[in-house]
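A short worksheet on the structure shown next.
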Amino acid sequence: MTTATVRVPAKINLCLGVGPVRGDGFHPLATVYQAVDLHDEVRASRRDDESITVAMHSELDVWAEAADVPEDEDNLAVRAARALQRATGTTTGVDLAIRKAIPVAGGMAGGSADAAAALVACNEVWGLGLSKHDLEPVAASLGSDVPFLLHGGNAVGGGRGETVSPVLARGRYHWVFATAAEGLSTAAVYARFDELSTDVPAPEIADGLLTALRAGDARALGEHLSNDLTEAALSLRPELEDTLDIGREAGAYGAILSGSGPTCLFLVEDEQHGLDVAIALGSASTCADVIQSTGPVPGARLVTG
Ligand code: ATP
């Protein structure tokens, strides 16, 4: 196969417990990931030489940040292809084309998603025959969220987020995402977290959240959504509190920031309930766009040859 297209979802964190910064600069995390139905697509075409190129395409004019995604060696998809080349001694290259729908710097791991997709696509066009399990070490070297995005579904994340294990869960959950016009830097939010936090305990996952997931109980899950980066992100972007309040007042079961923000997540009962919340959010001056979605969905997977 000389060309492969891979679809890859965005992630959300149903809970994001953050511990004190480690010696290596990373923070220990205790999180439950869910992959959601908002996808980027990465197309890989094999080259005869060793070069790796990337071209970005976005249908989403509102996300001005899409223009800031590097189209060189710094692109996370290129880094992923390069890392796989090195790890396997591959001497062929690849042209990557990314169709972006995941908000950039939105706390939904769009860059990590493209990295996971690039690993799966390059594995295919380079004929490496590796399983997702085999790709995990390379994925983990690229970023904390990359291993989860290979697999998708619901998973518990430990370490700095890179150690993932599936979680028992039932049901399909309906979400509304409110995106912001300007992204938030993950590094800046963690730096603020360190400034604001003293005596941070080791992070834990609340039993109530896992029980709600096992039962498929959206209302109970809504009550247990949590994010330890909230205070830090809101101190950098106070107007997000208004967005969260609008969704809560419109009856969402739960409202939190996605990862390091600024995307806000609202858990709702079903599509109709989501529409009510989406309409309320649509009038908020702090929202760039409102998206209805569901989860869990599978991770990076091949869609065409
Ligand atoms: P995190 O995974 O840290 O929560 P995020 O979801 O907030 O990150 P991303 O969309 O992954 O944010 O992008 C973070 C930064 O990574 C962007 O500002 C961009 O400059 C850079 N980047 C590099 N490659 C990509 C890519 N393929 N897609 C998106 N961003 C990329």
Side-chain angles (χ1 to χ4, degrees), residues 6-13 16 18 25-27 29 31 33-36 38-44 52-60 62-83 94-122 139-140 142-150 157 160-162 164 177 179-193 227-230 232-233 236-237 240 256-265 288 291 300:
V6 171
R7 267 189 115 210
V8 64
K11 65 86 196 172
I12 57 176
N13 303 85
L16 182 56
V18 182
F26 287 103
H27 292 77
L29 302 183
T31 187
Y33 292 110
Q34 183 169 101
V36 292
L38 175 61
H39 290 88
D40 278 0
E41 248 177 44
V42 176
R43 196 183 71 235
I52 297 174
T53 70
V54 68
M56 302 294 303
H57 306 277
S58 174
E59 291 145 22
L60 305 158
V62 283
W63 289 319
E65 248 91 356
D68 294 342
V69 175
E71 290 189 82
D72 56 21
E73 291 285 323
D74 284 337
N75 191 294
L76 286 162
V78 176
R79 278 199 220 161
R82 191 65 77 199
V94 72
D95 293 321
L96 300 169
I98 302 177
R99 200 163 61 78
K100 232 185 190 327
I102 304 174
V104 176
M108 301 189 83
S112 301
D114 297 346
L119 291 179
V120 173
C122 289
L142 294 161
S144 302
D145 300 327
V146 186
F148 170 69
L149 291 160
L150 284 175
R160 56 178 167 80
E162 86 287 14
V164 285
F177 306 140
T179 68
E182 201 188 329
L184 256 179
S185 147
T186 305
V189 174
Y190 274 101
R192 190 84 185 107
F193 173 86
N227 184 345
D228 285 355
L229 295 177
T230 305
L236 296 172
R237 202 61 76 70
L240 292 174
I256 52 166
L257 292 178
S258 183
S260 53
T263 306
C264 296
L265 305 179
I291 301 165

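Computed from a predicted structure; not experimentally measured. Indexing begins at 1, ligand by ligand and atom by atom, following the structure's order.
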*Starting at CG of Asn13, measure out to CG of Leu229 and round the result to the nearest 0.5 Å.*
8.5 Å

*By number and element, which atoms of ligand 1 are closer than 4.0 Å to a non-hydrogen atom of Gly110?*
6 (O), 10 (O), 11 (O)

*Counting only heavy atoms not in Arg79, do more than 12 fall under 6.0 Å of its CZ?*
yes

*Could you state the interatomic distance from CG (Leu240) to CD1 (Ile256), rounded to the nearest 0.5 Å?*
13.0 Å

*asked:* Using a 4.0 Å cutoff against the non-hydrogen atoms of Thr186, which atoms of ligand 1 qualify?
replied: 1 (P), 3 (O), 4 (O), 7 (O), 8 (O)

*Should Gly259 be listed as contacting ligand 1, given a heavy-atom distance under 4.0 Å as the test?*
no

_Quick check for you: to the nearest 0.5 Å, what is the distance between Asp114 atom CG and Asp40 atom CG?_
4.5 Å

*Roughly how far, to the nearest 0.5 Å, is the CZ atom of Arg192 from the CG atom of Leu236?*
6.0 Å

*Near Asp74, which atoms of ligand 1 are under 4.0 Å from a heavy atom of that residue?*
23 (C)

*asked:* Taking 4.0 Å as the limit for heavy-atom contacts, which would you say applies to Asp114 with ligand 1: side chain only, backbone only, both, or neither?
replied: side chain

*For atom 17 (C) of ligand 1, which candidate among Val104, Leu76, Leu96 holds the nearest heavy atom?*
Val104

*Do Met56 and ligand 1 have an N or O pair less than 3.5 Å apart?*
no

*Counting heavy atoms only, which of Pro70, Ala105, Ala10 is nearest atom 10 (O) of ligand 1?*
Ala105

_Tell me whether Met108 has any N or O atom under 3.5 angstrom from an N or O of ligand 1._
yes

*Evaluate the ring planes of His27 and Phe193, with Trp represented by its six-membered ring, and classify them as parallel (under 30°), tilted (30 to 60°) or perpendicular (over 60°).*
perpendicular

*N/O of Val69 under 3.5 Å from N/O of ligand 1, yes or no?*
no

*Separation of Leu16 CG from Asn227 CG (nearest 0.5 Å)*: 4.5 Å

*So, for Leu184 and Ala233, which heavy atoms are closest and what is the spacing to 0.1 Å?*
CD1-CB, 4.2 Å

*Within less than 4.0 angstrom of ligand 1, does Arg79 place any heavy atom?*
no

*Asp145 to ligand 1: N or O pair under 3.5 Å?*
yes

